[in-house]
Amino acid sequence: MPESPESQRKTLEERHQMSDLERLRHSTAHVLATAICRIWPDAQFAAGPPVENGFYYDVDLEHRITPDDFEKIEAEMKKVVKENQPFEKMIVSREEALGMAKKGRLAAETERGVPSQYKIDLLEDIPEDEEISIFKNGEFWDLCAGPHVARTGNCKAYKVMSVASAFYKGDAANPQLQRVYGTAFKNKTLLTEHLERLEEAKQRDHRKIGKDLDLFHIDESVGQGLVLWKPNGSVIRQELQDFISEHLERQGYSQVFTPHIGKLDLYRTSGHFPYYADSQFPPLAEREAMKILSEEGCSCGELSNKLETGEVAGFLLKPMNCPHHIKIFQSNHHSYRDLPVRLAEFGTVYRWEQSGELGGMTRVRGFTQDDAHLFCTEEQVKDEILGCLELVKIVLGTLGMEDYRVRVGLRDPDSTKYVGNPENWDHAENALREAASTLGTEFSEEPGEAAFYGPKIDFVVKDVIGREWQLGTVQVDYNLPERFGLEYIGPDNKPHRPVMIHRAPFGSMERFVGVLIEHFAGKFPTWLSPEQVRILPISEKFETPAQEAYERLRKAGVRVTVDTTAEKVGAKIRLAQLARIPYMLIIGAKEQELNQVSVRHRDRGDEGSVGVEEFVEKLTAEIRSRSL
RNA sequence: GCUCUUGUAGCUCAGGGGUAGAGCACUUCCUUGGUAAGGAAGAGGUCACGGGUUCAAAUCCCGUCAAGAGCUCCA
């Protein structure tokens, strides 16, 4: 995640550890600023750091920079590079720096009538004991701690990528600046390679592949962020559910089903309402109450107030499954001998995500979690967490997703959004930390990433554009058992409070499948492929043997079709390839005579001909083993 | 939610003040073939929606809705 440098100020020491590439990109950011400054001298610059795939510079400017301007900016950058200006560092006192900023001399080529306002502000953020430096390239002077490459001539492989807006210092209360993104590499070859990679990544985008392969559809008239799973996508989802269900069975889970709504009071108890009302769909008021209120001429605002205070009863589309599962747990008395109780449900939840956040399947407003809640004793917590982690590892391993990172989300000591007592938090955080250390994978502890009710372990993967997505998650919760007054009877014949664990190995089916589409670039392993085999008769004459092979495969439970169109095999193969179908069976005179089929694999190509029985045997073994 | 960009056939896109165009997909016919595109004909669109300007709007302006990128957010 590109952090804004202001909010996460780097120490000078950290800055000097900048890699060569970061240094180059940082310098190229200065070249960009120099160019922009020459084209629009009234430009006011804020910060311009290197980021994961390049750099950006934030600029406040009357003129709206559009992609049409990129060529002009790049041409001006080229001149700056050609001038081969040395980057010179000058140590100045705070007063000198402030003086320059007031004359508009910072992030500029000359003194200007107006002060360099953002630089003045940034100056204030520099700690008293830190040295203040100006970096000059040619006439362009900028407040900057460096480090830089030797000369602008080193920055010869760059590209202005995009322009977007960003809040100054990442705070929505601040003015919005234009953030110009660029990238830079040591040489043109590396730059070209990078651009090609980006182009490839575009081809893997789950929104594109989802359309090409008919996996899902999002319809304007249904609503933003509400995914319609088409038949092909549904096959994948169902296969994933069956897969995980086998492991749930093995691990002693019980499957449950619960409705999509619950009374507001339920969520008052859980703390989700009205505390998180902004991120929920608005409540549904009861019909009778609505009628009375409308007769009284009650406004929407009043209604929503009455719903919040509880004067009017209503229901909420569930933002989480936990309260329902808790009520299942509470519907029986539990002995310590019953624990752990593990309740699993593919539970659909609804959250009112900001419109600007929605995208494809990875950020949606209605989604199905492969959810479960474990109710256990304090002593069982650790083993149960390990069981959950095992599940996540099985999921990621089976799908060949190796490129993930593990994040232990802890509470932010400075925030007040967390509920529950600090002692329980310490317990829970320690339990997770211990469990994470048994993973055999590196993990990072990140304060502030905890859920409001407890700490968690997240498995985070990147999508094609480098954005990170939380998939699998395991969360320890001491809070909800407290709020709902959960208990079990211990060996001492006294009531005790159980601990709750929330976990979802996939996270949500929508997000997981979205990421999975990109992971496989649409080439799902056979067991997940919506269409596993397509039979391609060479001409109409061979439709009978094709039909026989089809029936045989159907009987074996294979998802198979026959392409009977009046096309040549070449065309049929092309379509099957585009549909990423794992196996094509070609049947012509030769095969008919030998009672065989010619096997073509989408990646391995022609694999020669075999008898149908033999093919069915190998294929079903491949599917059963869920091999990659 | 904010800023910018975009919205034309099922898909990918061209065009652009004088009432619509290509390729693919679709339908029908011809072709009966050997590992990534055989041929012909046909059908398909209130140019996202609602206003405004104009003799005339798909085209210009405003609003709404939706999508994309980034920011903010994400129990």
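Per chain, numbering begins at 1; letters A, B, ... match sequence-line order. Quick caveat: nothing in here was measured; it's all calculated off a predicted structure.
A salt bridge does not link D205(A) to K202(A): none of the charged side-chain nitrogens sits closer than 4.0 Å to a carboxylate oxygen. The pair D458(A)-K456(A) counts as a salt bridge, with a side-chain nitrogen and a carboxylate oxygen less than 4.0 angstrom apart.
Residue-level contact check: S279(A) touches the bases, meaning some heavy atom is under 4.0 Å from a base atom. Residue-level contact check: E543(A) touches neither bases nor backbone, having no heavy atom under 4.0 Å from any strand. V163(A) comes within 4.0 angstrom of no nucleic acid atom, judged by non-hydrogen atoms across all strands. Across all strands, E567(A) comes closer than 4.0 Å to base atoms (heavy-atom distances). Backbone-only contact: G570(A) has heavy atoms under 4.0 Å from sugar-phosphate atoms and none from a base. No engagement by E607(A) is indicated, since no non-hydrogen atom pair under 4.0 Å with the nucleic acid exists. Among the atoms of the strands shown, none is found under 4.0 Å from any heavy atom of A576(A). In this structure, G223(A) reaches neither bases nor backbone, as no heavy-atom distance under 4.0 Å exists between it and the strands shown.
With a cut-off of 3.5 Å on both pairing distances, the Watson-Crick and G-U wobble pairs of RNA chain B assemble into stems of 3 or more at B:1-7 with B:65-71, B:10-13 with B:21-24, B:26-30 with B:38-42, B:48-52 with B:60-64.
For a distance-only test at 3.5 Å, the side chain of S165(A) qualifies as a donor-acceptor partner of the base of G70(B). A donor N or O paired with an acceptor N or O is not found under 3.5 Å between the base of C74(B) and the side-chain atoms of R351(A). Side-chain atoms of R363(A) and base atoms of C73(B) include a donor and an acceptor less than 3.5 Å apart. If you check distances only, the side chain of E353(A) never reaches the base of C74(B) with a donor-acceptor pair under 3.5 Å.
Atom name P, nucleotides C73(B) and U5(B): the rounded distance is 25 Å, in whole Å. The gap from the C1' atom of C29(B) to that of A43(B) amounts to 14 Å, rounded to the nearest Å. The separation of A58(B) from C47(B), taken at their P atoms, amounts to 6 Å, rounded to a whole angstrom.
Side-chain proximity of R207(A) to G68(B), G38(B), A66(B): nearest is G68(B). When the nucleotides A75(B), U3(B), G1(B) are ranked by their closest atom to the side chain of Q176(A), U3(B) comes out on top.
Y276(A) has its ring centre less than 6.0 Å from the ring centre of F452(A). Annotation: H373(A) is not in aromatic contact with F329(A) [ring centroid separation under 6.0 Å not met].
Among residues two or more places apart in sequence or in another chain, the ring pair (Phe, Tyr, Trp, His ring centres under 6.0 Å) test is passed with H194(A) by F185(A).
Interface residues of residues 210-221 of chain A facing RNA chain B, ordered by number: K211(A), E220(A); criterion, heavy-atom separation under 4.0 Å.
The side-chain tip of R179(A) points at the ring of Y56(A) from less than 6.0 angstrom away and within 45° of straight on.
Judged by ring centres under 5.5 Å apart and planes tilted less than 30 degrees, Y276(A) stacks against the six-membered base ring of A75(B).
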